[in-house]
Amino acid sequence: MVRVVATGTFDIIHPGHIRFLEEAKKLGDELIVIVAREKNVKHKPKPIIPEEQRRRVVEALKPVDRAILGDEHDIFKPIMELRPDIIVLGYDQHFDEKKLEEELRKRGLNTKVVRIKVKEECEYCSSTKIIRRIVEVVKSRLKEYEEFFRRRGVELRLPPK
């Protein structure tokens with residue numbers, strides 16, 4: 001039984017995430033995903049979606065056997081508990097494979113670190129691009145959205161310009 005661990009923020013799920021997890025699953029029998037805690041996301045803007053909701057969505061994806069939240073204080077704690085055979089990194093994740101393997105060895109793990117180099121090519125294969133698109137669409141259709149929400153009894157409060 002080969003246990004594979006993938007990590008990430010998984011804020012707004014898109015085809016790039018799906019491709020990454022499909023490729024990760026091909027490397028073993030069991031895929032466990034560690035979803036980043038909001039307070040640990042420092043390399044990009046904080047997620048929009050709450051962490052437990054991100055975890056539940058990731059766990060519902062076909063390639064994923066289980067999804068857990070990372071530890072708020074020690075990113076290695078869940079790794080030490082799971083003891084994976086392989087940790088997969090996405091093509092754009094900010095970890096250095098060799099340094100990560102060295103740190104795992106220091107902790108007594110003989111875990112292989114594999115970078116998934118496959119990248120899904122699509123117009124909105126990025127949470128940032130999706131957010132940018134939402135902002136553009138809402139700006140261009142503001143009156144339409146205000147009316148839509150007003151009819152449903154929801155006040156659309158946009159920040160002042």
Side-chain angles (χ1 to χ4, degrees), residues 1-139 159:
M1 177 83 132
V2 175
R3 176 174 283 173
V4 179
V5 166
T7 66
T9 306
F10 302 99
D11 190 19
I12 299 173
I13 299 294
H14 54 74
H17 290 127
I18 305 300
R19 182 73 180 271
F20 167 61
L21 295 171
E22 288 171 343
E23 295 298 319
K25 179 68 176 194
K26 289 177 186 176
L27 298 175
D29 304 300
E30 178 185 39
L31 175 60
I32 301 173
V33 178
I34 301 172
V35 176
R37 302 300 291 253
E38 183 174 320
K39 75 178 271 187
N40 293 342
V41 178
K42 295 179 171 62
H43 60 286
K44 58 184 176 181
K46 296 289 184 200
I48 292 171
I49 307 299
E51 57 193 28
E52 176 57 22
Q53 186 173 329
R54 290 183 284 118
R55 186 205 64 76
R56 287 182 59 205
V57 169
V58 168
E59 189 167 74
L61 299 173
K62 188 176 181 178
V64 178
D65 294 297
R66 185 164 46 123
I68 63 172
L69 291 173
D71 188 82
E72 289 186 312
H73 307 289
D74 180 2
I75 64 167
F76 288 98
K77 185 177 179 185
I79 299 293
M80 296 304 294
E81 291 169 3
L82 295 169
R83 305 192 71 77
D85 300 289
I86 300 170
I87 294 176
V88 294
L89 301 174
Y91 76 94
D92 63 346
Q93 282 183 300
H94 65 283
F95 292 101
D96 178 294
E97 297 101 305
K98 295 297 175 208
K99 287 182 182 176
L100 184 53
E101 277 186 351
E102 286 174 25
E103 185 60 37
L104 294 167
R105 301 267 181 289
K106 288 179 191 173
R107 294 166 182 263
L109 293 178
N110 191 27
T111 302
K112 185 177 178 184
V113 177
V114 176
R115 185 164 302 271
I116 304 289
K117 294 186 169 57
V118 176
K119 179 182 177 185
E120 184 73 16
E121 297 294 339
C122 69
E123 189 173 5
Y124 298 108
C125 282
S126 153
S127 297
T128 301
K129 289 179 181 178
I130 293 170
I131 293 166
R132 193 176 300 131
R133 174 72 177 147
I134 291 168
V135 170
E136 289 169 4
V137 168
V138 170
K139 280 182 181 178

If every non-hydrogen atom of Leu82 is compared with every non-hydrogen atom of Ile68, which pair is closest and at what distance?
CD1-CD1, 3.9 Å
Would the distance check show the side chain of Asn40 and the main-chain N or O of Asp71 forming a donor-acceptor pair, the cut-off being under 3.5 Å?
yes
Output yes when a side-chain donor or acceptor of Asp85 lies under 3.5 Å from a complementary backbone atom of Lys112, and no otherwise.
no
So which atom in Ile116 and which in Ala24 form the shortest heavy-atom distance, rounded to 0.1 Å?
CD1-N, 4.2 Å
Has Arg83 got a side-chain atom pairing as donor or acceptor with Arg3's backbone, closer than 3.5 angstrom?
no
Below 4.0 angstrom, N of the basic side chain to O of the carboxylate: do Lys26 and Glu23 qualify?
yes
Which atom pair, heavy atoms only, marks the closest approach of Leu21 to Leu31?
O-CD2, 3.6 Å
Any donor and acceptor pair, going by atom type alone, linking the side chain of Thr7 with main-chain N or O of Ile34 inside 3.5 Å?
no
Is Asp65 reaching over with its side chain to a backbone N or O of Ile32, donor-acceptor style, under 3.5 angstrom?
no
Looking at Arg55 and Glu52, is any side-chain nitrogen of the basic one under 4.0 Å from a carboxylate oxygen of the acidic one?
yes
Looking at Glu38 and Lys46, is there a salt bridge between them, counting it only when a charged N and a carboxylate O are closer than 4.0 Å?
no
Verify, without hydrogens or angle tests, whether Lys42 (side chain) and Lys39 (backbone) share a donor-acceptor contact under 3.5 angstrom.
yes
Using atom types as modelled and distance alone, determine if a side-chain donor or acceptor of Arg66 lies under 3.5 Å from a backbone N or O of Glu59.
no
I'd like to know if the side chain of Gln53 and the backbone of Pro50 have a donor-acceptor N/O pair within less than 3.5 Å.
no
Tell me if a side-chain donor or acceptor on Ser126 pairs with a main-chain N or O of Thr128 at a distance below 3.5 Å.
yes
Check ion pair Glu103-Arg107 (N to O, under 4.0 angstrom):
yes
Less than 6.0 angstrom separating the ring centers of Phe10 and His17, yes or no?
yes
